[in-house]
There are 2 protein chains.
Amino acid sequence: MAIDHLDGALLELLAREPRIGVLEASRRLGVARGTVQARLDRLQSNGVIRGFGPDVDPAALGYPVTAFATLEIKQGQGSDVRAHLASVPEVLELHTTTGHGDMLCRLVARSNADLQRVIDRVVGFDGIVRASTAIVMENPVPLRIIPLVKQAAGG
Amino acid sequence: MAIDHLDGALLELLAREPRIGVLEASRRLGVARGTVQARLDRLQSNGVIRGFGPDVDPAALGYPVTAFATLEIKQGQGSDVRAHLASVPEVLELHTTTGHGDMLCRLVARSNADLQRVIDRVVGFDGIVRASTAIVMENPVPLRIIPLVKQAAGG
DNA sequence: GCATTTACTGGGCATTCTGTATAGCGACTG
DNA sequence: CAGTCGCTATACAGAATGCCCAGTAAATGC
């Protein structure tokens, strides 16, 4: 669970140059290959590294518009709403939250006009009482993990 | 830019089994190795695939609490606030948005108590007028891209 | 209609990496 | 003090990669 400095450096290296192999990583980090291999195995079985899935850019796929929708749900309809939202491809992420809304989801769309269609599809479901949408204009800090990794590694 | 069915299948395959190589992928997809290689190169230079960075789980790093904070910013302080937020490791993501707030950020913390510390650090900055936080309880749909890829590939 | 370009196939080749195993060494622990 | 753990160092077979080429089929331009 705890991450030491070598783990941190390894994660950082992998984040910066993902196509790097175990052997090359060991050279960069100045440790034996077996060490890197053992660390990687441990990080993966720990669940620290979930995987190495391709990082796909929705914008490049033709979905340049991102929005966050806060949803208010009718009592007891939670699981139906979840299933509904999971069936919409443009819903990239869904959280249930405390606070004003009950759920928060990340949406993408082909255009602002298309966003209307997506929202209609998302909220056009019985269990959803109200929705408020915030359209993303800029993304000054793209999803990142390295600063947190550094902190966790004690750096 | 446009994604055909083979691209979609390749992305799906890579998402499901990321450690797969080009050769193995070509076998699974029933095409020549050179084809997979060419498609991958194209997807990467297109920007569709940003990279293959390790997918790190903040919870496994000791940050099991996630929250979204909506921030209201003092006019003209945008770039200062951006820089401030970028300097906080627990800020995983930051967007500027339309709607009620001016910014939306994703936070993580070691505990609910620790979240208070993080929020204090985030909002303890002159340009931020008001903040409202929603703590994530469940994540019924984790960040995903495959359904969108399938739709973009026309299937 | 004809030539050109593009994308895919199938094959080959040298280099490199992976998976796996070995043994030695220093540090920590019961 | 013996046992365990993590790291180093090395070895080896099998596999994958990067790169090359020639042939073919479909789309594009003249």
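Below, chain A is the first sequence line, B the second, and so on; all start at residue 1. Just so it is clear, the structure is predicted and the values come from calculations on it, not from any experiment.
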Whole angstrom value for the distance that separates C1' of D:dA11 from CG of A:Leu23: 14 Å

Whole-Å distance separating the CG atom of B:Leu40 from the C1' atom of D:dG18: 14 Å

Sugar-phosphate, base or nothing in reach of B:Arg39, heavy atoms under 4.0 Å: sugar-phosphate

Whole-Å distance separating the CZ atom of A:Arg27 from the C1' atom of D:dC7: 18 Å

Contact summary for B:Pro54 and A:Leu11, nearest pair of heavy atoms: CG-O, 4.1 Å

CZ/A:Arg16: more than 12 non-hydrogen atoms of other groups inside 6.0 Å: yes

Whole-Å gap separating P (C:dA7) and NE2 (B:His5): 20 Å

Side-chain N,O (A:Arg33) to OP1/OP2 (C:dT16) below 4.0 Å: no

Atom-to-atom span, CD of A:Glu24 to C1' of D:dT17 - whole angstrom: 14 Å

N/O (side chain, B:Gln37) to phosphate O (OP1/OP2, D:dG18) under 4.0 Å: yes

Separation of C:dT18 P from A:Phe52 CZ (nearest whole Å): 12 Å

Sugar-phosphate only, base, or nothing, as touched by A:Arg19 at under 4.0 Å among non-hydrogen atoms: nothing

Carboxylate-amine/guanidinium contact A:Asp120 A:Arg117, below 4.0 Å: no

Rounded distance (Å) that lies between atom C1' of D:dT17 and atom CG of B:Asp41: 12 Å

A:Ile20 CD1 - D:dA16 P separation (whole Å): 21 Å

Residues B:Asp4, B:Arg39: salt bridge by 4.0 Å N-O rule: yes

